[in-house]
Amino acid sequence: MKYRLILLVALLAASFSAKALTLLTEDWPPVSFANDKGQPDGMAVDVVKLLQERLKDSTPIQIQPWARAYNSLLNEKDVLLFTVGRNAERERLMTLLGPILVFSTDVFALRQYAAEIRKLSPAAMQKLPTAAYRGSIFESTAHSRGFNVFPTTDPAHSARMLAAGRVKLWVEGNVVVGNVLREQGLPLATVERVATLDRLSLYLAFSPNVPRDTILRWEKALNDIKQDGSFATIHQRWFPQDPVPLQVERLGIQR
């Protein structure tokens with residue numbers, strides 16, 4: 001009886017000492033955004049809310065500018081940021097769990113110039129002024145491929161710069177371009193893809209101090225929803241034409 005009491009006290013102490021994660025995302029529709037009621041919405045938000053249900057976690061999701069949220073992930077404790085593109089640098093800085101979504105990083109041009117730009121050599125194309133969302137994986141990818149990058153405040157800013165002729169190219173994830181154009185009142189045919197730079201997987205990202213057992217709980221929940229079909233239901237509702245990533249990977253910092 002005494003042993004059971006000690007064990008119960010220890011478990012209760014552990015549960016009270018465990019700090020809830022701060023859940024952050026960005027305004028990047030349709031993956032994540034604030035809806036017309038000001039509430040977090042989008043494909044990745046639906047996934048995280050379902051994971052929270054499985055984990056009995058009621059922590060509110062906060063939408064922040066990407067640079068601010070990413071800085072919190074790197075410099076504050078107990079942060080989960082979604083969604084984060086995987087690369088070698090980020091695997092050294094955080095723990096990544098996913099993928100939640102897989103898509104391509106594409107280069108877009110105004111439709112009337114697309115055929116001409118496709119004929120350019122890679123070196124000539126890279127010299128053209130190119131818009132990319134500051135601090136994003138798209139900016140870093142464009143830089144790494146030698147593009148002449150003009151950082152923008154968000155994808156909508158990139159689209160406006162391209163439409164106004166202030167840049168010739170726009171580097172962005174293919175899954176959000178249609179949404180961005182619609183929000184700016186631009187026809188979908190305004191732009192055409194002229195190149196694909198790579199395929200990109202998006203993950204949940206945990207700050208370096210998050211305990212291993214916390215991450216493993218989220219990993220189990222993600223495994224569960226991918227195995228029982230509920231993840232696929234969400235994915236297909238938002239991206240019906242795209243393949244559903246059913247594998248689960250835990251990358252980066254391991255404890």
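What you are looking at is a predicted structure, and each value in this text was computed from that prediction instead of being measured.
In this structure, Val175 and Asp242 have side chains that are in contact, with non-hydrogen atoms separated by less than 4.5 Å. When side chains are defined from C-beta on, Ile61 counts as touching Val45, because their heavy atoms get closer than 4.5 Å. By the 4.5 Å heavy-atom criterion applied to side chains, Asp154 and Trp66 are not counted as neighbours. Taking 4.5 Å as the limit, every side-chain heavy atom of His235 sits out of range of all side-chain heavy atoms of Pro243. Looking at heavy atoms from C-beta onward, Thr152 lies out of side-chain contact with Glu139 at the 4.5 angstrom threshold. Residues Phe108 and Val177 form a side-chain contact, since some pair of their non-hydrogen atoms from C-beta on lies under 4.5 Å apart. When side chains are defined from C-beta on, Glu219 counts as touching Val248, because their heavy atoms get closer than 4.5 Å. For the pair Thr83 and Tyr203, the minimum side-chain heavy-atom distance is 4.5 Å or more.
A distance-only check finds no donor-acceptor pair linking the side chain of Asn71 to the backbone of Ala67 [under 3.5 Å]. Listed for the Ser136 side chain is no donor-acceptor partner under 3.5 Å among the backbone atoms of Ala132. A donor-acceptor contact shorter than 3.5 Å links the side chain of Thr25 to the backbone of Phe82. Using a distance-only test at 3.5 Å, with no hydrogens or angles considered, no donor-acceptor pair links the side chain of Asn174 to the main chain of Asp106.
In this structure, Ala131 and Val167 approach most closely via the heavy-atom pair CB-CG2, 3.8 Å. Leu181 and Leu188 make their closest contact through CD1-O, 3.9 Å (heavy atoms, listed as atom of the first residue, atom of the second, distance). Shown here for Leu73 and Ala205, the closest heavy-atom pair between the two residues is CD1-O, 3.5 Å. Minimum heavy-atom separation, Ala163 to Leu186: CB-CD1, 4.1 Å. The shortest non-hydrogen separation linking Ile63 to Pro40 is CD1-CA, 3.8 Å. Smallest separation of non-hydrogen atoms from Val180 and Ala156: CG1-CA, 3.8 Å.
For the residue pair Thr130 and Asn148, no side-chain donor N or O sits within less than 3.5 Å of a side-chain acceptor on the partner. Between the side chains of Arg182 and Asn179, at least one donor N or O sits under 3.5 Å from an acceptor N or O. In summary, the side chains of Glu26 and Tyr70 do not present any donor paired with an acceptor at a separation below 3.5 Å, with no hydrogens or angles considered. No side-chain donor-acceptor contact under 3.5 Å links Arg145 and Gln126.
Residues Leu96 and Leu74 are members of one and the same hydrophobic cluster, defined by side-chain heavy-atom contacts under 4.5 angstrom among Ile, Leu, Val, Met, Phe, Trp and Tyr. The hydrophobic cluster containing Trp170 also contains Leu120, counting ILVMFWY residues as joined when their side-chain heavy atoms lie under 4.5 angstrom apart, directly or transitively. Two different hydrophobic clusters hold Ile253 and Val210 under the rule that ILVMFWY side chains link at heavy-atom gaps under 4.5 Å. Linking Ile, Leu, Val, Met, Phe, Trp and Tyr residues whenever their side-chain heavy atoms come within less than 4.5 Å places Leu93 and Val84 in a single cluster. The cluster map of Ile, Leu, Val, Met, Phe, Trp and Tyr, joined by side-chain heavy atoms under 4.5 Å apart, puts Leu200 and Val102 in different clusters.
Here the straight-line distance linking atom CE of Met125 with atom CG of Leu128 works out to 7.5 Å at 0.5 Å rounding. Here the CG atom belonging to Leu101 is positioned 10.5 Å from the OG atom belonging to Ser32, to the nearest 0.5 angstrom. Atoms NE2 and CZ, from His157 and Phe150 in turn, are 11.0 Å apart once rounded to the nearest 0.5 Å. Separating the CG atom in Leu97 from the CD1 atom in Ile215 is a distance of 8.0 Å, to the nearest 0.5 Å. To the nearest 0.5 Å, atom OG of residue Ser201 and atom CG of residue Asp198 are 9.5 Å apart. Annotation: the span from Ser207 atom OG to Leu80 atom CG amounts to 8.0 Å, rounded to 0.5 Å.
Taking the six-membered ring for Trp and the full ring otherwise, Trp28 and Phe138 have centroids separated by under 6.0 Å.
Around the OH atom of Tyr113, the shell of radius 6.0 Å holds no more than 12 heavy atoms that belong to other residues, nucleotides or ligands.
Among pairs with a residue in residues 75-100, those fulfilling salt bridge (charged side-chain N to carboxylate O under 4.0 Å, His left out) read Arg86-Glu91, at least two apart in sequence or across chains. Sorted by first then second residue, the salt bridge (charged side-chain N to carboxylate O under 4.0 Å, His left out) pairs that include residues 108-134, not counting sequence neighbours, are Arg111-Glu192, Arg118-Glu192. Legend: salt bridge (charged side-chain N to carboxylate O under 4.0 Å, His left out) pairs involving residues 164-176, not counting sequence neighbours: none detected. Among pairs with a residue in residues 35-45, none fulfils salt bridge (charged side-chain N to carboxylate O under 4.0 Å, His left out), at least two apart in sequence or across chains.
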side-chain contact (heavy atoms from CB on, under 4.5 Å) evaluation trace for Phe206 with Leu81: CA-CA 7 Å; Phe206 297 83; Leu81 172 61; over 6 Å; no

As a quick check of understanding, evaluate side-chain contact (heavy atoms from CB on, under 4.5 Å) for Leu162 and Leu110, giving each step before the final call. CA-CA 7 Å; Leu162 183 66; Leu110 291 177; 4.0 Å; yes

I would like to know whether Ile100 and Leu204 meet side-chain contact (heavy atoms from CB on, under 4.5 Å); could you show each step before the answer? CA-CA 8 Å; Ile100 303 302; Leu204 310 179; 4.0 Å; yes

Step by step, would you call Thr59 with Thr22 a side-chain contact (heavy atoms from CB on, under 4.5 Å)? CA-CA 7 Å; Thr59 307; Thr22 299; over 6 Å; no

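A salt bridge is defined here as a Lys NZ or Arg NE, NH1 or NH2 lying under 4.0 Å from an Asp or Glu carboxylate O, and Lys220 with Asp224 meets this definition.
Considering Thr141, Ile137, Leu197 as possible partners of Val171, the one that fulfils the side-chain contact (heavy atoms from CB on, under 4.5 Å) test is Leu197.
Listed by chain and residue number, nothing satisfies the side-chain hydrogen bond (donor to acceptor under 3.5 Å, both in side chains) test with Thr95 (two or more places apart in sequence, or in another chain).
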Name each donor-acceptor pair under 3.5 Å that joins a side chain in residues 225-233 to protein atoms two or more places apart or in another chain, with its distance.
from: Lys226; atom 1: NZ; to: Pro99; atom 2: O; distance (Å): 2.6
from: Lys226; atom 1: NZ; to: Pro245; atom 2: O; distance (Å): 2.7
from: Lys226; atom 1: NZ; to: Gln247; atom 2: O; distance (Å): 2.8
from: Asp228; atom 1: OD1; to: Ser230; atom 2: N; distance (Å): 2.9
from: Asp228; atom 1: OD1; to: Ser230; atom 2: OG; distance (Å): 2.5
from: Asp228; atom 1: OD2; to: Arg54; atom 2: NH1; distance (Å): 3.1
from: Asp228; atom 1: OD2; to: Arg54; atom 2: NH2; distance (Å): 2.9
from: Ser230; atom 1: OG; to: Ile225; atom 2: O; distance (Å): 3.4
from: Thr233; atom 1: OG1; to: Gly229; atom 2: O; distance (Å): 3.1

